[in-house]
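Order of the sequence lines sets the chain letters (A, B, ...), proteins ahead of strands, with each chain counted from 1.
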Number of protein chains: 2
Amino acid sequence: MPAAPAPATSTGKPAGRIRQKNEKAIIAAAEVEFARHGYKGTSMNSIAQAVGLPKANLHYYFSSKQGLYVAVLNNILGQWENALDHMSVDDDPAEALSRYIRAKIEFSRSQPLASRIFAMEVISGGQYLSQDNKRDWFRGRTAVIQAWIDAGRLAPVDPAHLIFTLWGATQHYADFAGQICQFTGKSALKKADFDAAATTLEQIILAGLGLKPPARG
Amino acid sequence: MPAAPAPATSTGKPAGRIRQKNEKAIIAAAEVEFARHGYKGTSMNSIAQAVGLPKANLHYYFSSKQGLYVAVLNNILGQWENALDHMSVDDDPAEALSRYIRAKIEFSRSQPLASRIFAMEVISGGQYLSQDNKRDWFRGRTAVIQAWIDAGRLAPVDPAHLIFTLWGATQHYADFAGQICQFTGKSALKKADFDAAATTLEQIILAGLGLKPPARG
DNA sequence: GTCTATACGTTGATAGAC
DNA sequence: GTCTATCAACGTATAGAC
């Protein structure tokens, strides 16, 4: 009886210990470089130097620069799905929206590189993002909000634009952190700054939708 | 008595009719290319082809690729200052904020390329943006909002984060237009979509700040 | 699996005739 | 002012010894 096949990696090749470790290290280094210089602006050479390997090794683990970039993008999307989006019709609107805002701001704080790569990719046309079932996912979100409105639990607003408002406002703290620092004179945004952002945004959005803020522990 | 010197151009050279016309055409073509492919991803060759000139001519009018890029950025910033930011303490808060939201959304609609170039530049570190007196400008904006709050004309929120919320939410409709289209299944955002966005955002923000929407003609 | 050397294309920029 | 021809540098990717 043959052994079960090893789990496939992003390159489709079987995953030994060494391969797994090196792929992870390369993706991590690539994420930093892509976030700072964009896809075109990043060279395989700079990634190789950052991870401490000859650049030929990168081509051994990832067939091409584009393949490595797509692996980085998929890695980001995986983190996204784990961290967000657990709103359901049965939830209390105020509490669910508050949780969403805080989770998204926390993501901007803890994973700013991921947010920036994703932003640049979308701005550049998103040709490397698989669109899969994104539309269904979006329809599900708007349906939840619309159900709240229909039940009189939320002021009547356009659900799609509410989502885009939340998205844009929270994403801003990752993508434009540099500009925010310049404007406010800070050298870097700290946890307290993100907490203040979440609190202000929660305050405005909830009041704007006719909701009272949930009790918090 | 000597004639008045010709107005200086972005290259610092005197401006003849031909030069003025060609520089304008080159900047316009460069804006399209930079918005789609980023700074590094854009080649002088592609800009030259788009504007219908040999690429050597681009180097005749702009000393370098970087010089052309900075000229494009400055051109964008000029448009920005003309279109926005006329809030004053004497204004009615609801009306001033409503005007700001609609002007910013309208800018996302009419000048999406400018918004995208600016966004990518900020995400990439903003090394080509002169920071000038940006901090003073920002302090002025927050001061106006704080004055409204102190006078009891606005719910007490953090002025800085209110500005960032407005910024992020409105900018989103330019930078992430592609993603919005994918999610909503539209092929392109039309004026009605931007109007709906502005209306929803105005509704949420004003209610969120304890304001009633101003009468509109 | 690892690494050196190298092939080959593209890029930004310039020289110099017109 | 305009344009063709060209250069040097850097990019991705691969060949092949270890």
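In this entry the distance linking CD of A:Gln66 with C1' of D:dG11 reads 15 Å, nearest Å. The CG-P distance, from B:Asn22 to D:dG1, rounds to 8 Å in whole Å. For the pair B:Leu68 CG and C:dG12 C1', the computed distance is 12 Å after rounding to whole Å. In this entry the distance linking OH of B:Tyr69 with P of C:dG12 reads 14 Å, nearest Å. When the C1' atom of D:dT4 is taken as reference, atom CG of B:Asn57 falls 11 Å away, rounded to whole Å. What separates CE of A:Met44 from P of C:dT6 is a distance of 21 Å, to the nearest Å. One can place NZ of B:Lys65 at 18 Å from P of D:dA9, the figure rounded to the nearest angstrom. Remark: C1' of D:dT2 and CD1 of B:Ile26 are 12 Å apart, rounded to the nearest angstrom.
A tilted orientation is assigned to the rings of B:Tyr69 and B:Tyr39, their planes being inclined by 30° to 60°. Under the 30°/60° scheme for interplanar angles, the aromatic rings of A:Trp80 and A:Phe107 are found to be tilted. Note on ring orientation: taking the six-membered ring where Trp is involved, the planes of A:His161 and A:Phe164 are perpendicular (angle over 60°, cut-offs 30° and 60°). Under the 30°/60° scheme for interplanar angles, the aromatic rings of B:Phe138 and A:Phe183 are found to lie parallel.
The nucleotide whose nearest atom lies closest to any side-chain atom of B:Arg19 is, among C:dG1, D:dG1, C:dC3, D:dG1. The side chain of A:Tyr61 lies closest to C:dT2 when the candidates are C:dT2, D:dC3, C:dA13. Among the nucleotides D:dG1, D:dT12, C:dG1, the one closest to any side-chain atom of A:Tyr60 is C:dG1. Closest to the side chain of A:Ile18, from the set C:dG1, D:dT12, D:dC3, is C:dG1. Of the listed nucleotides (D:dT4, D:dT12, C:dC3), D:dT4 has the atom at the smallest distance from the side chain of B:Ala56. Of the candidates C:dG1, D:dA13, C:dA13, the closest approach to any side-chain atom of A:His59 belongs to D:dA13.
Looking at heavy-atom distances under 4.0 Å, A:Ser46 makes no contact with the nucleic acid at all.
Residue B:Asn45 has no polar side-chain atom (N or O) positioned under 4.0 Å from OP1 or OP2 of C:dA13.
A donor-acceptor contact under 3.5 Å is formed by the side chain of B:Lys55 with the base of C:dG12.
Using a distance-only test at 3.5 Å, with no hydrogens or angles considered, no donor-acceptor pair links the side chain of A:Thr200 to the main chain of A:Ala197.
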